[in-house]
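Residue numbers start from 1 in every chain, and the chains themselves are labelled A, B, ... in the order their sequence lines are given, proteins ahead of strands. Only this structure's heavy atoms are used, side chains among them; waters, hydrogens and symmetry mates stay out.
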Amino acid sequence: MKIATWNVNSVRARLEILLNYLKANPLDVIALQELKVVDEQFPYEPFKELGYNVAVNGQKAYNGVAILSKLPFTEIKRDVIESDREKRTIQAEVSGIKILNVYFPHGGLKGEERFFFKLEFYKMLENYIKRNLLEEDKFVLLGDFNVARAEIDVWDPELLRGTIGFMDEERKAIEGIFELGLIDSLRVFHESEKIFTWWDYRASSFRKNEGMRIDYILVSSALKETLKNAFVDLTPRKLQGTSDHTPVIAELT
DNA sequence: ATGGTAGTGGGACTA
């Protein structure tokens, strides 16, 4: 089973790129973030034509998440965090695996309201997992975490230290989620490579490879033995008019 | 500390 996460930064603006990608790259499950569209206006049809079941939790102009799956969903939950009014979570079960897709807040500068909201969001998600998932559950947490975990996950740790996405407070918060026994799939196969998933549109960041690894696929220990590969696909980031993120993919048996 | 770009929706906001 191939599972991917991709912050598409508007599903409608990226429809052509997304469909072409799925035609060329067979994925079983794909988690999308930043749809920027309400459920009613989500482009369901072209995905259905490619054989996908579609579960959407959308919002106008901002946020919005979806899960596409070739296999049928046996359960769909939206807004799994109680105060999630921003449409940032959707969970679906596919073939006995619970898949939780999360678009974490970007946050703000230290001390600002959005900064505290972001830290609270990490804590709420940690609590949700603690309360709702058992150690033996087959579970995948994936999405745009909006934080780089370690120095290896940013292009210039000295320059970026203390900026949004690489503050000590958010790194500590995300570590609380990793410490629930979840496995950072990319690092199982690429232990010490500098690999990024996001590059700012500005300042030719992608050309200079000035990026950050802020998108993750984490798997529960019950899935550890089934993990066969994980990688970042840079190809779609090279296209004109593409998202500022590129997909992360994990392969399970 | 600022600016650089992009999407939405037709200005300001988020990222």
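In terms of modelled atom types and a separation under 3.5 Å, the side chain of Thr242(A) and the main chain of Arg237(A) share no donor-acceptor contact.
Under the rule for a side-chain contact (heavy atoms from CB on, under 4.5 Å), Lys172(A) has no partner lying at least two apart in sequence or in another chain. Considering only residues two or more places apart in sequence or on other chains, Ala13(A) meets the side-chain contact (heavy atoms from CB on, under 4.5 Å) condition with Ser10(A).
The residue Tyr103(A) sits close only to the backbone: its heavy atoms come under 4.0 Å of sugar-phosphate atoms, none of a base. Arg207(A) comes within 4.0 angstrom of no nucleic acid atom, judged by non-hydrogen atoms across all strands.
Below 30°, between 30° and 60°, or above 60°: for Phe145(A) and Phe104(A) the angle between ring planes is between 30° and 60°, a tilted geometry.
Heavy-atom nearest nucleotides on DNA chain B were determined for Val11(A) and for Asp244(A), and the one closer to the 5' end corresponds to Val11(A). For the pair Tyr201(A) and Pro105(A), nearest-nucleotide mapping onto DNA chain B gives the more 5' position to Tyr201(A).
For the P atom pair drawn from dG9(B) and dC13(B), the interatomic distance equals 16 Å after rounding to whole Å. Taking the C1' atom of each, dT14(B) and dG4(B) are spaced 16 Å apart, rounded to whole Å. Taking the C1' atom of each, dG7(B) and dG11(B) are spaced 13 Å apart, rounded to whole Å. Taking the P atom of each, dT2(B) and dA6(B) are spaced 22 Å apart, rounded to whole Å.
Applying the salt bridge (charged side-chain N to carboxylate O under 4.0 Å, His left out) test to residues at least two apart or on different chains, the pairs with a partner in residues 93-110 of chain A are Glu93(A)-Lys98(A), Lys110(A)-Glu169(A).
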Output a table of donor-acceptor pairs, distance under 3.5 Å, between side-chain atoms of residues 209-217 of chain A and any protein atom two or more places apart or on a different chain; print 'none' if there are none.
{"from": "Asn209(A)", "atom 1": "OD1", "to": "Trp199(A)", "atom 2": "NE1", "distance (Å)": "3.0"}
{"from": "Arg213(A)", "atom 1": "NE", "to": "Asp153(A)", "atom 2": "OD1", "distance (Å)": "2.7"}
{"from": "Arg213(A)", "atom 1": "NH1", "to": "Asp184(A)", "atom 2": "OD1", "distance (Å)": "3.1"}
{"from": "Arg213(A)", "atom 1": "NH1", "to": "Asp184(A)", "atom 2": "OD2", "distance (Å)": "3.4"}
{"from": "Arg213(A)", "atom 1": "NH2", "to": "Asp153(A)", "atom 2": "OD1", "distance (Å)": "3.4"}
{"from": "Arg213(A)", "atom 1": "NH2", "to": "Asp184(A)", "atom 2": "OD2", "distance (Å)": "2.8"}
{"from": "Asp215(A)", "atom 1": "OD1", "to": "Thr197(A)", "atom 2": "OG1", "distance (Å)": "2.6"}
{"from": "Asp215(A)", "atom 1": "OD1", "to": "His245(A)", "atom 2": "ND1", "distance (Å)": "2.9"}
{"from": "Asp215(A)", "atom 1": "OD2", "to": "His245(A)", "atom 2": "ND1", "distance (Å)": "3.3"}
{"from": "Tyr216(A)", "atom 1": "OH", "to": "Val147(A)", "atom 2": "O", "distance (Å)": "2.9"}
{"from": "Tyr216(A)", "atom 1": "OH", "to": "Arg149(A)", "atom 2": "N", "distance (Å)": "3.0"}
{"from": "Tyr216(A)", "atom 1": "OH", "to": "Arg213(A)", "atom 2": "O", "distance (Å)": "2.9"}

Indicate every side-chain donor-acceptor pair of residues 49-65 of chain A with a distance under 3.5 Å to a residue at least two apart or in another chain.
{"from": "Tyr52(A)", "atom 1": "OH", "to": "Leu27(A)", "atom 2": "O", "distance (Å)": "2.7"}
{"from": "Asn53(A)", "atom 1": "ND2", "to": "Ser69(A)", "atom 2": "O", "distance (Å)": "3.0"}
{"from": "Asn53(A)", "atom 1": "ND2", "to": "Lys70(A)", "atom 2": "O", "distance (Å)": "3.4"}
{"from": "Asn53(A)", "atom 1": "ND2", "to": "Leu71(A)", "atom 2": "O", "distance (Å)": "3.2"}
{"from": "Asn57(A)", "atom 1": "ND2", "to": "Asp79(A)", "atom 2": "OD1", "distance (Å)": "2.8"}
{"from": "Asn57(A)", "atom 1": "ND2", "to": "Thr89(A)", "atom 2": "O", "distance (Å)": "3.0"}
{"from": "Gln59(A)", "atom 1": "OE1", "to": "Asn63(A)", "atom 2": "ND2", "distance (Å)": "3.3"}
{"from": "Asn63(A)", "atom 1": "OD1", "to": "Arg88(A)", "atom 2": "NH2", "distance (Å)": "3.2"}
{"from": "Asn63(A)", "atom 1": "ND2", "to": "Glu86(A)", "atom 2": "O", "distance (Å)": "3.0"}

Only pairs under 3.5 Å count here: list side-chain donor-acceptor contacts from residues 15-24 of chain A, not counting sequence neighbours, and write none if there are none.
{"from": "Asn20(A)", "atom 1": "ND2", "to": "Glu16(A)", "atom 2": "O", "distance (Å)": "3.3"}
{"from": "Tyr21(A)", "atom 1": "OH", "to": "Asp233(A)", "atom 2": "OD2", "distance (Å)": "2.6"}

Tabulate below the donor-acceptor pairs under 3.5 Å that side-chain atoms of residues 129-139 of chain A make, not counting sequence neighbours, or state none.
{"from": "Lys130(A)", "atom 1": "NZ", "to": "Glu126(A)", "atom 2": "OE2", "distance (Å)": "3.0"}
{"from": "Asn132(A)", "atom 1": "ND2", "to": "Tyr128(A)", "atom 2": "O", "distance (Å)": "2.8"}
{"from": "Asp137(A)", "atom 1": "OD2", "to": "Leu134(A)", "atom 2": "N", "distance (Å)": "2.9"}

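Chain A approaches DNA chain B over the interval dG4(B) to dA15(B), counting the first and last nucleotide 5' to 3' with an atom under 4.0 Å from its heavy atoms.
DNA chain B is contacted by no residue of residues 142-161 of chain A, taking any non-hydrogen atom closer than 4.0 Å.
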